[in-house]
Structures are given as structure tokens and as C-alpha cells.
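Down below is the structure, laid out as C-alpha cells.
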Amino acid sequence: MGNMWYTYVTNPDTAPDYKNPPTFDPLYGFPEGREERKICATRQQLDRAKVPIQKRDYCVDYYMKFLECRQQHFPRVWTHCHHQIHDWEHCQIEDTVLRVKEWERERRLKERAKRKAKQESMEAME
Amino acid sequence: MATFRKVCLLLSKHQKPLFRLRKANLSTTSILAQYWNKDWKPGPIPRTPEERAAAAKKYGLRPEDYNVLADGDIGDYPDLPLVARSWRDPFEDYDLPGERRNYGEPVNATADIIGADLWDPNADGYYTYGQIVFYAVLTFCGFLTAYLALSPYEYFPPEMPKQYPFNNLYLEKGGDPANEPEIKHYTFKRPEE
């Protein structure tokens, strides 16, 4: 609710565009760099397992483990594959938190850019 | 064993019926649940002034008030105004305050369907039909206006778009293999050496 108030009412100019990827350089502000996101599966493996496109995110490793477990234990999937489903859903939660952090980073960088522009314009006036 | 035998003999000698049909007291309310007295049936239509006076006395009316008979085939029952109980004076000291009626007061022949909270034949509508239709349409238009006015400000959680591997699934979405861009995604952790 607060993010909508921020975006539509108080600060529409510095609010991040939630529909497009971030506009700033991902490594800006990280002198030691950032860890890269990787998955262990290859494209061929995903195609052979016929994973749907919507599920081909950074949690496909856990999803593929769940598919393996499901193939072994079908139809009693809920009983035997609880651990795999939990791991996959936990990965999804972490991904959501990362997206929220990206939004916050974008917002703070935009506010900083606005402050810097204002300071430069004040300095230029003097 | 002996007492058991005695009890059995006593029970076998018992001749009266084991339970009596419950007799209700005479009810003073106009709604009768289970008992009806033959004396309360309306008599034949009075023809002579003496019969009329007797019928008026039976119903608790003055002879000058007893002129009109009720509708339908119910004999000499008088035609009384059909007034809802809620229209009667609330501060008068009635014998039956729940009914707003005194004992022996005659009521309309169809009075058992008129209650304080039931149908009131003299109640006029507070709103006209046109007013009702107008306010209904106005309410709907209000909701529609609110929907259209707020539709540019859609709901969203504070998240950036979801990140997908393999350069945002460039080939899976039908991209040209020769022009595959290089897109990298990062976490917020320090790289482990």
C-alpha cells in the first residue's frame, strides 16, 4: 500500500518503473562486485524434461528434483515429495525478496540521482 | 425379588390411562394455537333491530357502530378498520400491551395476519418507483465511475520484473540465435573467492 502511495501520490518522479528491468548498472555501488545467479541445469536438460517456460526461472534446479521425485512416487506425490516442494517454494520466496530488494535499490538510486542533479543545478547557479 | 413381583402386580392392576390429553386454558389472544370454542363462531346475519343489538353486544360494539358486515361468508361479524398494531397509541395503558389491545375489543376478521411488524395496509411508500430506479442506477454509475477513475492507478507489489536465466529465455521465446544478447543477473551477496 505504501509503495502505491509513493508511486502515485507523493513521489511519481523517483518511483521505479515496476514493469521494466532496472535502469542503473547492476554493479554500481558494489566495489567488490556481486555474486552471479546461476543454475546447474542446461538448456538440453530443460528441453528433455519439457519444463514449461513459466517455470524456467532461477529455481529450475529444485523444480527438476521435484519432477524426478514425482516420477518415482506418482500418484502419492504429496506424501513423498514434500521436501522437494518445500525447497522449490523456499527458492521462490528468496527470488521474490530479491525482486523487492531490486525495487528498493532502484528507488534509492533514483532519489540519489535527483538529489545530485539538484545540487549540481544549485552549484551552477552560484 | 419380592418387591419386583409386587411392582409388576401393581402395574398390571393400573387401569387409568397413563397420560391425559393436555387441556389448554381459554386464550384471550386472537391467534388460537390449539383450542377453539363453539361460542366464538359468528351467528347468522341479524334481520331485526333486536338481533342487531344483541350481535353488537356480543362483539363489544355500540349498536350505532354496528352497521356494516365484514366481507366474505362469515355471518354477522362486523367490518372493522384494518389498522396495523404499530399505528395504535404506544403510550396507552392496554390490557394486552404486546398486542396494543384491550380485553374484549373487537378486531378485524383478518386481524391474525396484521402484526406490529407485519403488513401495514395504510403504509404508503416512502420513495416513489421512479426515485428507487434513479438511485439504483446512480449507485451503479458511482461504482463504474470509481472503477474507471482508479484504473490507471493499478495495484502492484514493490517488485521489479522476474528474472529468467539464459538471457531472459531469449531462444525459448523465439529469438534469433545470431543476435542473442548477454544478460546477467546478480544476487546481493558478496562473491565468494
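Predicted model, so just to flag it, every value in this text is computed and none were measured. Residue numbers start from 1 in every chain, and the chains themselves are labelled A, B, ... in the order their sequence lines are given, proteins ahead of strands.
If you measure heavy-atom distances from A:F30 to chain B, the contacts under 4.5 Å come from the side chain alone. Only the side chain of B:K184 comes within contact range of chain A, with at least one heavy atom under 4.5 Å from a heavy atom of that chain. Residue A:D47 does not touch chain B at all, counting heavy-atom pairs closer than 4.5 Å. Looking at A:Q54, both its backbone and its side chain come within 4.5 Å of chain B, counting heavy atoms on both sides. Contact annotation for A:P22: both backbone and side-chain heavy atoms come within less than 4.5 Å of a heavy atom of chain B. Both the backbone and the side chain of A:I53 come within less than 4.5 Å of a heavy atom of chain B.
Looking at heavy atoms from C-beta onward, B:E159 lies out of side-chain contact with A:W103 at the 4.5 angstrom threshold. Residues A:E102 and B:F188 are in side-chain contact: their nearest non-hydrogen atoms beyond the backbone lie under 4.5 Å apart. With contacts defined as side-chain heavy-atom distances shorter than 4.5 Å, the pair B:Q163/A:Y58 qualifies. B:F166 places none of its side-chain heavy atoms less than 4.5 Å from the side chain of A:R56.
Residue A:H86 places its NE2 atom among 12 or fewer non-hydrogen atoms of other residues, nucleotides or ligands, all under 6.0 Å distant. The number of heavy-atom neighbours closer than 6.0 Å to CG of A:D25, taken from other residues, nucleotides and ligands shown, is above 12. The environment of NZ in A:K65 is sparse: at most 12 heavy-atom neighbours from other residues, nucleotides or ligands sit within 6.0 Å. Around the OH atom of A:Y62, the shell of radius 6.0 Å holds no more than 12 heavy atoms that belong to other residues, nucleotides or ligands. Crowding of A:K116 atom NZ: a count of heavy atoms from other residues, nucleotides or ligands under 6.0 Å not exceeding 12. Around CG of B:D71, the count of heavy atoms belonging to other residues, nucleotides or ligands within 6.0 Å does not exceed 12. Other residues, nucleotides and ligands place more than 12 heavy atoms under 6.0 Å from the NZ atom of B:K162. By the 6.0 Å contact criterion, NE2 on A:H83 is open, its count of non-hydrogen atoms from other residues, nucleotides or ligands being 12 or less.
Ring geometry for A:Y18 versus B:F156: interplanar angle under 30°, hence parallel rather than tilted (30 to 60°).
Counting only distance, with no hydrogens or angles, the side chain of B:Y153 and the backbone of A:W5 share no donor-acceptor pair below 3.5 Å. A donor-acceptor pair under 3.5 Å is absent between the side-chain atoms of A:R37 and the main chain of B:T187, judged by distance alone.
The two residues A:N3 and B:P157 make their nearest non-hydrogen contact at ND2-C, 3.7 Å. Minimum heavy-atom separation, A:P21 to B:P161: N-CG, 3.9 Å. Scanning both residues, B:P191 and A:G33, for their nearest heavy atoms gives CD-O, 3.4 Å.
Atoms CD and CE, from B:E154 and A:M4 in turn, are 10.0 Å apart once rounded to the nearest 0.5 Å. Atoms NE2 and CG, from B:H185 and A:D57 in turn, are 11.5 Å apart once rounded to the nearest 0.5 Å.
Transitive grouping of hydrophobic side chains (ILVMFWY, heavy atoms separated by less than 4.5 Å) brings B:Y59 and B:I74 into a common cluster. Linking ILVMFWY side-chain heavy atoms closer than 4.5 Å, directly or via other members, places A:W88 and A:W78 in a single hydrophobic cluster. Linking Ile, Leu, Val, Met, Phe, Trp and Tyr whenever their side-chain heavy atoms come within less than 4.5 Å leaves B:F143 and B:L138 in two separate clusters. Residues A:F74 and A:Y63 share a single hydrophobic cluster, defined by chaining ILVMFWY side chains whose heavy atoms lie under 4.5 Å apart. No continuous path of ILVMFWY side-chain contacts below 4.5 Å connects B:L171 to A:V51, so the two sit in separate hydrophobic clusters.
Interface remark: of the candidates A:L27, A:V60, A:D17, A:L27 forms the most heavy-atom pairs closer than 4.5 Å to chain B. Annotation: maximal heavy-atom pairing with chain B below 4.5 Å, among A:R43, A:K38, A:M1, occurs at A:R43.
One finds no salt bridge joining A:E94 and B:K189 here, because no Lys/Arg side-chain nitrogen approaches an Asp/Glu carboxylate oxygen to under 4.0 Å.
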